[in-house]
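What follows is a set of notes on a single structure, which appears directly below.
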Amino acid sequence: MAIKSMADQQNDGAPEPLKGAGDTGEAHQKERFTRRLTQDAGPRSMRPMRIATFNINGVKARLPRLQEWLADDPADLVCLQEIKSVDDNFPRAAFEDAGWHVATHGQKGFNGVAMLSRRPLDDVMTGLPGDDTDTQARYMEATLGGVRVASIYLPNGNPVGTEKFDYKLAWMRRLTARAKELLATERPVVLSGDFNVIPAPEDAHDPAAWADDALYQPESRAAFRALVHLGFTDAIRLVQPHGPAYTFWDYQRGAWQQDHGIRIDHHLLSPQAADRFVDARVDRAPRGQEKASDHTPVIVTLADG
DNA sequence: ATGGTGGTATCACCA
């Protein structure tokens with residue numbers, strides 16, 4: 001299917017029934033989606049699939065806000081990063097009681113990824129292949145409705161010039177190798193997560209302020225481009241080709257209040273996933289709440305296969 | 001010039 005027709009792009013607002021991703025107004029998006037859900041009374045597998053990525057910066061600290069957000073039915077699959085919990089301490093029951101299937105890949109204290117799904121997850125794989133000595137919990141994959149999805153917490157890499165930056169770049173090479181394998185399946189693949197990379201100057205309020213940061217190093221950005229150029233599509237840029245679409249605001253210096261953000265949380269779509277693209281958006285609401293994570297969710301919607 | 005986590009300080013580490 002076409003990603004976005006010219007007619008949609010030139011449509012100045014009048015909502016048409018069951019249109020694609022043309023109108024970007026929030027009210028129109030909600031109305032359109034509600035219409036799809038209520039009128040498309042087919043089996044669940046025939047409905048659009050919404051995938052969210054959300055670095056929650058500690059699942060226990062964020063639990064009440066996360067539960068409220070989930071209660072609004074924001075997505076069918078939620079990829080979490082920085083759960084900062086071992087698997088046994090993950091508040092699994094809090095989600096399962098609300099109807100979510102839970103898969104986790106945690107470690108003590110730091111890092112950790114998880115997936116919450118409305119439907120059972122198939123073929124869960126934990127850990128990024130390519131280095132058996134790497135014990136950091138930053139990667140998992142699962143299949144949902146024929147789509148292979150990864151929840152990614154790419155290393156931060158600061159400070160530059162240390163083994164931490166070397167680890168980041170080596171991890172990105174391993175991710176790229178895994179991504180090649182996934183592309184070779186020629187199935188829909190979505191790489192979702194906190195990539196800890198600011199892809200371009202327009203992805204930071206003040207790029208100069210990030211000049212010495214691992215998230216904005218030429219090597220980091222080049223490695224991200226090399227990954228994307230394997231054949232992936234940066235989902236949010238299908239809806240908004242240019243300009244700020246921040247997903248992270250530092251806790252310090254009133255960054256949120258002044259919208260001094262960066263865009264580091266991404267959904268990368270394989271060609272087969274991009275063919276199903278319907279919509280992508282940043283949900284800024286969670287970042288404005290009390291006890292918020294420093295990240296906010298990004299949600300991509302794919303049509304049924 | 002903030003916040004989460006963990007271990008057990010007058011804090012270290014990660015982001």
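Residue numbers start from 1 in every chain, and the chains themselves are labelled A, B, ... in the order their sequence lines are given, proteins ahead of strands.
B:dA12 and B:dT8 have their P atoms separated by 13 Å, given to the nearest Å.
Residue pairs satisfying the salt bridge (charged side-chain N to carboxylate O under 4.0 Å, His left out) criterion with at least one member in residues 148-168 of chain A, sequence neighbours excluded, are listed as follows: A:E141-A:R148.
Nearest to the side-chain atoms of A:Y251 among the listed nucleotides B:dT5, B:dG3, B:dA15 stands B:dG3. When each of B:dA1, B:dA15, B:dT5 is scored by its nearest atom to the side-chain atoms of A:K164, the top-ranked nucleotide is B:dA15. Across B:dT5, B:dA15, B:dA1, the shortest atom-to-atom separation from the side chain of A:A61 is found for B:dT5. Considering only the side chain of A:R253, B:dA1 comes nearest among B:dC13, B:dA15, B:dA1.
In this structure, CD1 of A:I83 is placed 16 Å from C1' of B:dA15, rounded to the nearest angstrom. The CG atom of A:N111 sits 14 Å away from the C1' atom of B:dG6 (whole-angstrom rounding). Atom pair A:D250:CG and B:dA15:C1' shows a separation of 9 Å (rounding to whole Å applied). Regarding A:I56, its CD1 atom lies at a distance of 9 Å from the P atom of B:dT5, rounded to whole Å. Look at CD on A:E82: it is 11 Å from C1' on B:dG3, rounded to the nearest Å. Atoms CZ (A:R62) and C1' (B:dA15) sit 12 Å apart, rounded to a whole Å. Counting to the nearest Å, the C1' atom of B:dA15 and the CG atom of A:N55 are 9 Å from each other. Residue A:E290 contributes atom CD, which lies 15 Å from atom P of B:dT2 at whole-angstrom precision.
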**Fill in**
Intra- and inter-strand pairing of DNA chain B, written as dot-bracket with Watson-Crick and G-U pairs under 3.5 Å and | for the latter, reads .(((((....)))))
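Side-chain atoms of A:T104 and A:D87 form a donor-acceptor pair, as typed in the model, at a separation below 3.5 Å. Defined by atom type and a distance below 3.5 Å, a donor-acceptor pair is present between the side-chain atoms of A:D134 and A:Y167. Residues A:S151 and A:Q81 bring a donor and an acceptor atom of their side chains to less than 3.5 Å of each other.
When each of A:L70, A:I56, A:I51 is tested with A:V78 by the rule side chain to side chain contact (heavy atoms under 4.5 Å, CB included), just one qualifies, namely A:L70.
Residues satisfying the ring-ring contact (aromatic ring centres under 6.0 Å, His included) test with A:F248, not counting sequence neighbours, are A:H295.
Comparing A:Q107 and A:P155 by the nucleotide of DNA chain B that holds the closest heavy atom to each, the one mapping nearer the 5' end is A:Q107.
Contact between the side-chain N/O atoms of A:R138 and the OP1/OP2 oxygens of B:dA15 is found at a separation under 4.0 Å. Contact annotation: A:K84 does not reach the phosphate of B:dG3 (side-chain N/O to OP1 or OP2, under 4.0 Å).
In the hydrophobic clustering of this structure, A:L269 groups with A:V147; members are Ile, Leu, Val, Met, Phe, Trp, Tyr whose side-chain heavy atoms approach within less than 4.5 Å, directly or through other members.
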